[in-house]
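All ligand and atom numbering here is 1-based and tracks the order in the structure.
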Amino acid sequence: MLSKQQEAAVWKALDSFNIETPSWGFANPGTRFGKFIQAAAATTIEEKLSDAGQVHKFTGCCPSVAVHVLWDFPQGKASAPEVQALAAKYGVRIGAINPNVFQDQIYKYGSLANPEAEIRQAALTHILDSIEISAVTKSRDLSLWFTDGSCYPGTANIRERKRLFAEGLKAAHDRLAKGQRLLVEYKPFEPAFYHTDIADWGMALLLSKAAGPQARVLVDTGHHYQAQNIEQIVAWLLSEDMLGGFHFNDRRYADDDLTLGCIDPYQVFRIFHEILLFEWETGKQADLAYMVDQSHNLKGKIEEMIQTAVMAQAMYAKAALVDHAALAGLQKSCELIDAEECLKSAFAEDVRPLLADWRKSKGLAGDPLAAFRASGYLEQAARDRGAKNKMAGGSYA
Ligand code: RM4
Ligand code: MN
Ligand code: MN
């Protein structure tokens, strides 16, 4: 049984917890081996925002949507006011803006680190256009992920490319408005299979520092080597005031983009624990963007996103149950078993009844997935979009 005090801690945590959904998670993506089309998948930015609106309507914790400029702004900057208005129409707002400097043919040998100055400039121009879009959509974060790298030893000058990245990111940073942030994401491999220019958190950290004071590191939970201790990275970045936010997803092998916590919920809990422990110790609020970065080949997209939001809330609530004062004492006196049990007992609590109560207090259904299923939205979407999906063959766009 949870004490009144513990219940209050969970309640407070839930009141402050939001997680952003990705527009691309509602479309028909797949793997590089093929796509299995879903009749109800979103085919336009309007449909993506409508679906994201459903996730927020039933969970109450997904008020914003990250967008990919190339996929969601058909006319580039000119589409920004319309996209902004559509978000409002469906009860969400536009969150992080993701430039796309990896899909166009010109980026075969890289974007900001391309050996050709003209292509570097094209990439920078797209990033600067994305900053202009963020002014219209009132988005705080510009979220940058690069595929730059090389596939064979000896084919690229690694140090020169690092220099070019520092230069390009600084040029982008210089255009940020006050209060905006540049989030620098890292990933060890894919599509570059020998070296990736921003391969890990250390590289992202150094480049963020080189870019300027409004740059932070973005941790995508799927972008690590097997067995890497992600919560340690989180703790270090927090202590450096250099953690900007997350792309949440789960993985079993590599960058699998699986549903958050489907393989290892304890990992998610441990990440949230490091954040809440930091806040308790320092009395500071960690200023982080919690975002989902998942795209599902097989599961229903809206249902999967609801599962994700519910999982994130549950893990955050469990992390809020850790008795920080007790844990700090146990760590100091090296009482290993008791310290570990202190952490694990919070993880073991069943917070579902409390989550349901919290939802009901906000006028939401206790079980968001069941409520969404009962709404008939999915069946209607399948009817409205089925023919389009069949014809289009489905894509991220
Ligand atoms: C990448 C990375 C980026 C995302 C793209 C679609 O693996 O995680 O954040 O924008 O996928
Ligand atoms: Mn990501
Ligand atoms: Mn990824």
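At a cut-off of 2.8 Å, Asp255 is counted among the residues with an N, O or S atom near the Mn ion (ligand 3). With 2.8 Å as the limit, His247 counts as an N, O or S neighbour of the Mn ion (ligand 2).
Checking side-chain atoms of Thr196 against main-chain N and O of Pro188 turns up a donor-acceptor pair under 3.5 Å. Proximity of a side-chain donor or acceptor of Lys301 to a complementary backbone N or O of Ala27 within less than 3.5 Å is detected.
Nearest-heavy-atom check against atom 1 (C) of ligand 1 across Trp145, Trp24, Phe146, Phe102 picks out Trp145.
Within the 4.0 Å heavy-atom criterion, neither part of Glu190 lies near ligand 1.
Interatomic distance, Gln307 CD to Cys262 SG, rounded to the nearest 0.5 Å: 8.5 Å.
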Self-check item: Audit row: Gln54, Ser50, side chain to side chain donor-acceptor pair (under 3.5 Å) steps and yes/no
Solution: CA-CA 7 Å; Gln54 291 295 304; Ser50 168; 5.4 Å; no
Self-check item: Worked check of salt bridge (charged side-chain N to carboxylate O under 4.0 Å, His left out) between Lys48 and Asp72
Solution: CA-CA 9 Å; Lys48 291 174 190 174; Asp72 298 329; 2.6 Å; yes
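The closest approach of Glu185 to the Mn ion (ligand 2), by N/O/S atoms, is made by OE2. Restricting Asp293 to its N/O/S atoms, the shortest distance to the Mn ion (ligand 2) is reached by OD2. Here the N, O or S atom of Asp220 that is nearest to the Mn ion (ligand 2) is OD2.
Residue Asp293 has at least one heavy-atom neighbour below 4.0 Å for each of these atoms of ligand 1: 2 (C), 3 (C), 4 (C), 8 (O), 9 (O). Near His247, the atoms of ligand 1 lying under 4.0 angstrom from a non-hydrogen atom of the residue are 9 (O). Each of the atoms 8 (O) of ligand 1 lies under 4.0 Å from some heavy atom of Asp220. Close approach of ligand 1 to His68 is summarised as follows: ligand atoms under 4.0 Å from at least one heavy atom of the residue are 6 (C), 10 (O). Close approach of ligand 1 to Lys187 is summarised as follows: ligand atoms under 4.0 Å from at least one heavy atom of the residue are 7 (O).
Considering both main-chain and side-chain atoms, Asp255 comes within under 3.5 Å of ligand 1 through a nitrogen or oxygen pair. When only interatomic distances are considered, the shortest N/O to N/O separation between His223 and ligand 1 falls below 3.5 Å.
Taking the six-membered ring for Trp and thresholds of 30 and 60 degrees, Phe272 and Phe17 have ring planes more than 60 degrees apart, a perpendicular arrangement.
Paired with Phe146 under the rule ring pair (Phe, Tyr, Trp, His ring centres under 6.0 Å), one option of Phe165, Tyr186, Tyr107 passes, and it is Phe165.
The cationic atom of Arg251 (NZ for Lys, CZ for Arg) does not lie both less than 6.0 Å from the six-membered ring centre of Tyr253 and within 45° of the ring axis.
Side-chain atoms of Trp24 and Asp293 include a donor-acceptor pair closer than 3.5 Å.
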